[in-house]
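Just follow the structure's listing: the first ligand is 1, and inside any ligand the first atom is 1.
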Amino acid sequence: MIENPRTTRRHFLKIAGAAATAAMVLPFPELLAAEKKKPNIILILADDLGYADLGCQGCKDVPTPNIDRIAKNGMRFTDAHVSCPVCSPSRAGILTGRYQERFGHDSNPGSEFDRKDWGLPLDQKTFAEYMKDMGYATCAIGKWHLGDNAAHHPNKRGFDEFFGFIGGAHPYLDPTVNSFNMIQRNGKPVDEKDHLSYAFGREAVSFVDRNKDKPFFLYLAFNAPHQPLQPAIRDADAFPEIKDEKRRNFAKLMKSMDVSIGALLDKVRESGIEDNTLIFFLSDNGGPTPGNTSRNDPYKGYKTHVHEGGTRVPFMVQWKSKLPAGKVYSKPLIALDILPTVVTAAGGKVASNVDGVDLMPYLTGKKSGAPHDVLYWRFDKQLAIRKGDWKMSKHEEKGVRLYNLADDPSEKNDLSAKYPDKVKELQAEWDEWNAKNAKPMCPAKMDAPWVNSEW
Ligand code: CA
């Protein structure tokens with residue numbers, strides 16, 4: 001049969017048209033579906049919040065019902081640490097997934113110290129840069145504390161949006177008074193009228209509202225409950241039952257952060273994205289009890305110490321479609337693990353120099369061991385290493401300590417004289433780790449009264 005060229009042509013056009021329509025229509029929903037599968041990421045950081053400062057961590061006098069919701073919706077970690085017991089180095093670790101000693105970020109940069117020219121080194125790939133590479137909308141809200149100058153500004157480090165302040169601390173009320181460390185939006189001063197913890201909550205809700213239809217990464221770094229203990233005017237009458245004024249102000253400051261986190265969790269739920277949103281909450285270091293009344297019970301020491309009270313922090317995660325609800329996870333892990341966990345969850349790969357590990361196989365029970373066999377700390381005159389239940393810590397002037405955390409979680413019973421070989425072994429292992437580290441970029445210069453206490 002001879003084909004009718006017109007029919008054949010028509011047939012071809014029909015097929016070509018259908019193919020073109022398919023090419024135009026089908027791949028887009030598929031692409032959109034693939035995009036939708038990427039989880040949204042919310043990383044909430046508290047500042048100077050102690051291990052025992054939340055309801056879900058056993059706190060009796062300061063209620064935190066909204067932060068506790070994250071533990072109820074997901075998993076709470078009881079042996080989770082930050083990589084440094086003070087603000088900036090801990091954040092440098094979280095935002096790179098690397099021990100910050102790898103690049104000498106051992107101390108706090110900023111206006112309070114001599115050198116203002118340094119910050120998170122520009123050759124270090126940040127969490128936000130990883131997320132941007134994968135098509136995420138990125139936003140940082142709150143305290144930055146990773147460098148004061150223009151080159152280190154969050155907008156230059158992978159964040160599309162920034163609202164907050166650049167330094168290490170800030171008054172909560174009348175924030176405009178602080179001209180050298182202004183409240184800003186993307187570098188431009190903002191005349192903020194609200195209490196900072198409520199303002200940061202408002203901004204977080206707004207970011208989620210504007211970005212709920214695409215994958216987003218929100219880094220929400222409250223400065224609460226860091227000093228000064230300035231509660232919001234609207235909370236003036238809260239907690240009359242707490243007699244101690246300092247503790248009462250601490251409770252009010254916690255309330256403002258907790259209410260803001262509640263509003264954010266509500267926004268995520270109302271937006272229909274709760275199942276596919278991975279939410280981490282942790283503190284950047286242990287509580288400085290003599291400073292803000294925070295508590296680290298039952299652990300020894302404070303912020304600035306490599307004791308458990310300085311590095312073991314409240315730490316939890318929810319991801320409703322992937323992780324069980326209301327579970328406690330008790331194996332040791334470290335804040336460096338957040339970045340690889342998130343990047344892997346989003347379908348990406350981390351650089352081989354990242355020290356953290358993807359926690360998901362451990363949290364879902366696919367892997368039964370601990371995420372880390374060994375954890376390390378280096379801070380000013382102190383060092384520490386944790387291996388299994390053993391912890392060796394050392395202070396240049398106060399000497400060496402050895403504890404078995406399984407029997408002695410509060411680090412009361414020094415076993416260094418009893419087990420000198422264990423001390424040697426752990427020191428050698430720490431030395432091997434430290435040999436690959438950079439020298440500190442700047443001395444720590446920590447002069448708070450509690451720094452050298454309780455050793
Ligand atoms: Ca801090």
Query raised in the report: So how many protein N, O or S atoms does the Ca ion (ligand 1) have within less than 3.0 Å?
Result: 6

Report task. Run the ring-centre check on Tyr99 versus Trp377 and record whether the distance is less than 6.0 Å. Result -> no

Query - The single option from Lys267, Glu203, Glu270 passing side chain to side chain contact (heavy atoms under 4.5 Å, CB included) against Val208 - result: Lys267

Query raised in the report: Do Trp144 and His152 have ring centroids that are under 6.0 Å from one another?
Result: no

**Report entry** Sequence neighbours excluded - ring-ring contact (aromatic ring centres under 6.0 Å, His included) pairs with any residue from residues 39-67
**Finding:** Tyr51-Tyr299

Query raised in the report: Is Arg401 salt-bridged to Glu411, cutoff N-O under 4.0 Å?
Result: no

Report task. Anything under 30° is parallel, anything over 60° is perpendicular, the rest tilted; go ahead and classify Phe217 against Tyr219. Result -> parallel

